Amino acid sequence: MVSMEQRHTDSGDGSDAEAVWLSEDEQRTWRAYLHATTLLEDHLDRQLQRDAKMPHMYFGLLVRLSEAPRRRLRMTELARETKITRSRLSHAIARLEKSGWVRREDCPSDKRGQFAILTDEGLGVLEKTAPGHVGTVRQALFDRLTPEQQKSLGEIMVIIAEGLQPKEAGADLPWLR
């Protein structure tokens, strides 16, 4: 761990930039955020593994496909929407195909492109699993917060997401490669 007394850091480009270290309150907030999000993701993963034998990420893919027109998305669009590398997405879709929940179809207008399509069986699994998942989300997050805290959390997450959303069309992001 870097000492709080250290005032300079190598930025990686050869220049010496002065770091603005987190205050004690900021450090406490940052670590609480990391701890809570790690525990929440683990909690959701365990519930979905128990109830549907799938990780949270796969559930998210099924949800995205269920919301898409005709329950289908180009693989590149699905990667972009879920912020998953194409390689990792391809592996996940292969596993979902093996379960019969998703199928792939070649794109007629682009020989290299493929669609991921949610099957009727996949939609059935999603419909069966969703109530338990929503209950887990509600119990783990929303039931612990007042309505005002829920509103604040939502507003804060929007601000953070908007600030991190790439502005440039050609950004070098893993899920765009």
Side-chain angles (χ1 to χ4, degrees), residues 1-68 73 75-93 95-96 126 129-177:
M1 179 177 261
V2 177
S3 165
M4 294 296 284
E5 309 321 311
Q6 186 176 353
R7 293 291 178 223
H8 290 86
T9 182
D10 182 358
S11 63
D13 64 0
S15 67
D16 200 20
E18 185 150 335
V20 179
W21 296 103
L22 300 178
S23 70
E24 285 185 39
D25 285 343
E26 289 169 332
Q27 185 70 247
R28 193 172 19 265
T29 299
W30 173 241
R31 289 185 183 193
Y33 168 82
L34 289 176
H35 188 66
T37 56
T38 300
L39 289 172
L40 180 60
E41 187 62 32
D42 178 67
H43 188 68
L44 297 174
D45 234 18
R46 284 185 287 118
Q47 177 266 320
L48 286 165
Q49 286 289 356
R50 182 186 65 242
D51 294 354
K53 309 290 186 265
M54 78 172 95
H56 191 218
M57 183 184 82
Y58 290 15
F59 183 82
L61 293 171
L62 297 181
V63 168
R64 293 285 184 165
L65 290 171
S66 75
E67 296 170 342
L73 279 173
M75 291 284 284
T76 52
E77 182 64 22
L78 187 56
R80 191 173 315 126
E81 285 186 14
T82 57
K83 310 296 186 261
I84 299 172
T85 64
R86 291 180 191 177
S87 169
R88 189 171 180 200
L89 177 63
S90 184
H91 176 74
I93 293 298
R95 296 278 310 272
L96 291 168
L126 188 59
T129 307
H133 180 65
V134 170
T136 300
V137 169
R138 180 167 300 290
Q139 170 272 326
L141 183 65
F142 293 103
D143 289 351
R144 298 171 190 276
L145 302 174
T146 66
E148 296 79 23
Q149 289 170 323
Q150 291 176 22
K151 184 177 183 213
S152 293
L153 179 62
E155 291 168 351
I156 290 165
M157 292 296 108
V158 166
I159 290 167
I160 291 170
E162 286 175 352
L164 294 172
Q165 191 66 36
K167 306 286 187 269
E168 56 198 68
D172 185 27
L173 301 168
W175 53 86
L176 298 178
R177 291 185 198 135

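The shown structure was predicted, so the numbers you read here are calculated from the model rather than taken from an experiment. Here, residue 1 is the first one in the sequence, and each next residue gets the next number.
- One distance of note links OG of S90 with CZ of R95; it measures 13.0 Å at 0.5 Å rounding.
- Between I93 and L78, some side-chain heavy-atom pair lies under the 4.5 Å cut-off.
- Taking both residues in full, the closest heavy atoms of R64 and L73 are given as O-CD1, 4.2 Å, listed atom of the first, atom of the second, then distance.
- You'll find the side chain of R138 stays beyond 4.5 Å of the side chain of R144, heavy atoms only.
- With sequence neighbours left out, R28 forms a salt bridge (Lys or Arg N to Asp or Glu O under 4.0 Å) with D25.
- With a 4.5 Å cut-off on side-chain heavy atoms, L141 and L153 count as touching.
- The salt bridge (Lys or Arg N to Asp or Glu O under 4.0 Å) search around K53 returns none, not counting sequence neighbours.
- Rounded to the nearest 0.5 angstrom, T37 OG1 and D42 CG are separated by 11.5 Å.
- The minimum heavy-atom distance between Y58 and A92, with the atom names listed, is CE1-CB, 3.4 Å.
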Legend entry - salt bridge (charged side-chain N to carboxylate O under 4.0 Å, His left out) between K151 and E148, intermediate numbers included: CA-CA 5 Å; K151 184 177 183 213; E148 296 79 23; over 6 Å; no
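- Taking CH2 from W21 and CD from E26, the interatomic distance works out to 12.5 Å, rounded to the nearest 0.5 Å.
- Atoms CE and CZ, from M75 and R86 in turn, are 9.5 Å apart once rounded to the nearest 0.5 Å.
- Atom OG1 of T76 sits about 10.0 Å away from atom CD of E81, to the nearest 0.5 Å.
- Q149 and L145 get closest at one heavy-atom pair: OE1-CA, 3.3 Å.
- Annotation: side chain of L126 is not in contact with side chain of L65 (no heavy-atom distance under 4.5 Å).
- The shortest side-chain heavy-atom distance between L61 and I84 falls under the 4.5 Å cut-off.
- Expressed to the nearest 0.5 Å, how far CE of M57 lies from CG of L89 amounts to 7.5 Å.
- Side-chain contact between Q150 and T146 is absent, with no heavy atoms from C-beta onward closer than 4.5 Å.
- Donor-acceptor pairing under 3.5 Å is lacking for the side chains of Q49 and D45.
- Looking at heavy atoms from C-beta onward, H43 lies out of side-chain contact with L39 at the 4.5 angstrom threshold.
- For the pair H133 and F59, the tightest heavy-atom approach, listed with the atom from each and the gap, is CD2-CE2, 3.2 Å.
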